[in-house]
Amino acid sequence: RSSDLEIRLEYRGPGTEKVAEYLQQCFPDYPVVKVDRDSATSSGRLDQLLQPFREGNPGVLVGTQMLAKGHHFSALTTVVTVDTDAGLLSSDFRAAERSAQLLLQVSGRAGRAEKPGRVYLQTRCADHPLLAQIIEQDYDLIARTLLDDRRRFRLPPLSYAAALRADADSLEKAEQFLWRLKQAFAPQEGLTWTGPLPAAMARRAGRYRSVVLITARERRPLHWALKHLVNCAEDLKTPSDLRWAVDVDPIDFS
């Protein structure tokens, strides 16, 4: 019966290997080269993979962010980004900034010599205002827009921040620990809590990761709060496989 049927949809991302397999089916007469941490195990191996493209030979190059900058392919005319929305709709408040930088950098790989270049972005949010600014390559406007957002939500550099991180063999365990820690700590004026939320890279090395972001207008109350949070965390009874950490002025939430 349909009422007894449970359907669960889980998005896992396209992955370079799946993309490369699909493109090889689409272009069977051309080599499809995959460049990621698994294939480019050393600088020598990376040079070996990229050499045919540096020589201008026809082919399809599939890679991660490591291809976005520092490479010159004179015959490269087309760049395609897959899952562009990941950086625009992330829980990491710096993700949009990094996404803009990355898209501008990777678009610069196409048409660097005599041949004109084209850039295609795969997106489900074609009307996203930041995406429109990226397409216009108006980086000054992008910077002002993102800074206005930081100011509106009192995020760094207009405030001070710390991240409480937890990871365990299940996301539920990590999030439960952070919820208990949040509830055990009395609310303090001037502190803003966001989360718990899955980390930008929610699963790494077989472990599930969650994070809470705490922001404050001044650094002193933030440090006072963190001192007491550490004491609370040490007093909480936690699963043996759970690990936690405090990150002051976090660079990212991956």
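- Taking every heavy atom of both residues into account, A161 and T215 meet most closely at CB-CG2, 4.0 Å.
- Between D167 and R203 there is no salt bridge, since no side-chain N of the basic residue sits under 4.0 Å from a carboxylate O of the acidic one.
- Interatomic distance, CD1 of I214 versus OG of S159, reported as 12.0 Å (0.5 Å rounding).
- Distance check: R118 CZ to T77 OG1 gives 9.0 Å after rounding to the nearest 0.5 Å.
- Atom CD of E17 is separated from atom NZ of K34 by 5.5 Å, given to the nearest 0.5 angstrom.
- No side-chain heavy atom of W193 sits less than 4.5 Å from a side-chain heavy atom of L213.
- Scanning all heavy atoms of the two residues, the minimum distance from G59 to Y30 falls at CA-CB, 4.4 Å.
- The main-chain N or O of P196 is never found under 3.5 Å from a side-chain atom of E175 such that the two would form a donor-acceptor pair.
- A 4.5 Å side-chain heavy-atom check between S210 and R165 finds every atom pair outside the cut-off.
- In this structure a side-chain-to-backbone donor-acceptor pair under 3.5 Å is missing from T84 to T123.
- Between the side chains of R219 and Y160, no donor-acceptor pair of N or O atoms lies under 3.5 Å.
- P31 and Q24 get closest at one heavy-atom pair: C-OE1, 4.3 Å.
- Side-chain heavy atoms closer than 4.5 Å link hydrophobic residues (I, L, V, M, F, W, Y) into clusters, and following such links, even through other members, never connects L171 to L197.
- For the pair W244 and V230, the minimum side-chain heavy-atom distance is below 4.5 Å.
- Donor-acceptor pairing under 3.5 Å is recorded for the side chains of T145 and Q133.
- Taking every heavy atom of both residues into account, A216 and L222 meet most closely at CB-CB, 3.9 Å.
- Here the side chains of T194 and V211 are not in contact, with every heavy-atom distance at 4.5 Å or above.
- Put simply, L61 and L102 are part of two different groups of oily side chains (I, L, V, M, F, W, Y) that touch within less than 4.5 Å, one to the next.
- Summarising the local packing, CD of E218 is surrounded by 12 or fewer heavy atoms from other residues, nucleotides or ligands at distances under 6.0 Å.
- Here the side chains of K18 and E21 are in contact, with some heavy-atom distance below 4.5 Å.
- The closest side-chain heavy-atom distance from F53 to V33 is below 4.5 Å.
- Put simply, CG on D149 and CZ on R144 are 13.0 Å apart, with the number rounded to the nearest 0.5 Å.
- Remark: R151 CZ is packed, more than 12 non-hydrogen atoms of other residues, nucleotides or ligands lying under 6.0 Å away.
- With rounding to the nearest 0.5 Å, the separation of CD in Q183 from CG in L178 is 11.0 Å.
- H223 approaches V248 most closely through the heavy-atom pair NE2-CG1, 4.0 Å.
- When hydrophobic clusters are built by joining Ile, Leu, Val, Met, Phe, Trp and Tyr residues whose side-chain heavy atoms come closer than 4.5 Å, directly or via intermediates, V80 is not grouped with V35.
- Counting heavy atoms from C-beta outward, L121 and L103 have side chains that approach closer than 4.5 Å.
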Discussion item. Quick one, F177 with L236, criterion side chain to side chain contact (heavy atoms under 4.5 Å, CB included). Give me CA distance, side-chain angles, the key distance, then yes/no.
Written reply: CA-CA 8 Å; F177 168 77; L236 287 177; 4.0 Å; yes
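- Inter-residue side-chain proximity for L191 and W224 is flagged as unmet; no heavy-atom pair is nearer than 4.5 Å.
- In summary, of the residues considered (E172, R180, K173), a side-chain hydrogen bond (donor to acceptor under 3.5 Å, both in side chains) with Q176 occurs for E172 alone.
- Within 6.0 Å of CD on Q51 lie more than 12 heavy atoms contributed by other residues, nucleotides or ligands.
- The nearest pair of heavy atoms linking L226 to A162 is CD1-CB, 3.7 Å.
- Connection of W179 to Y208 is not established within any shared hydrophobic cluster, with ILVMFWY side chains joined at heavy-atom distances below 4.5 Å, either directly or through further cluster members.
- Under the 4.5 Å side-chain heavy-atom criterion for grouping Ile, Leu, Val, Met, Phe, Trp and Tyr, I135 is not connected to L141 through any hydrophobic cluster.
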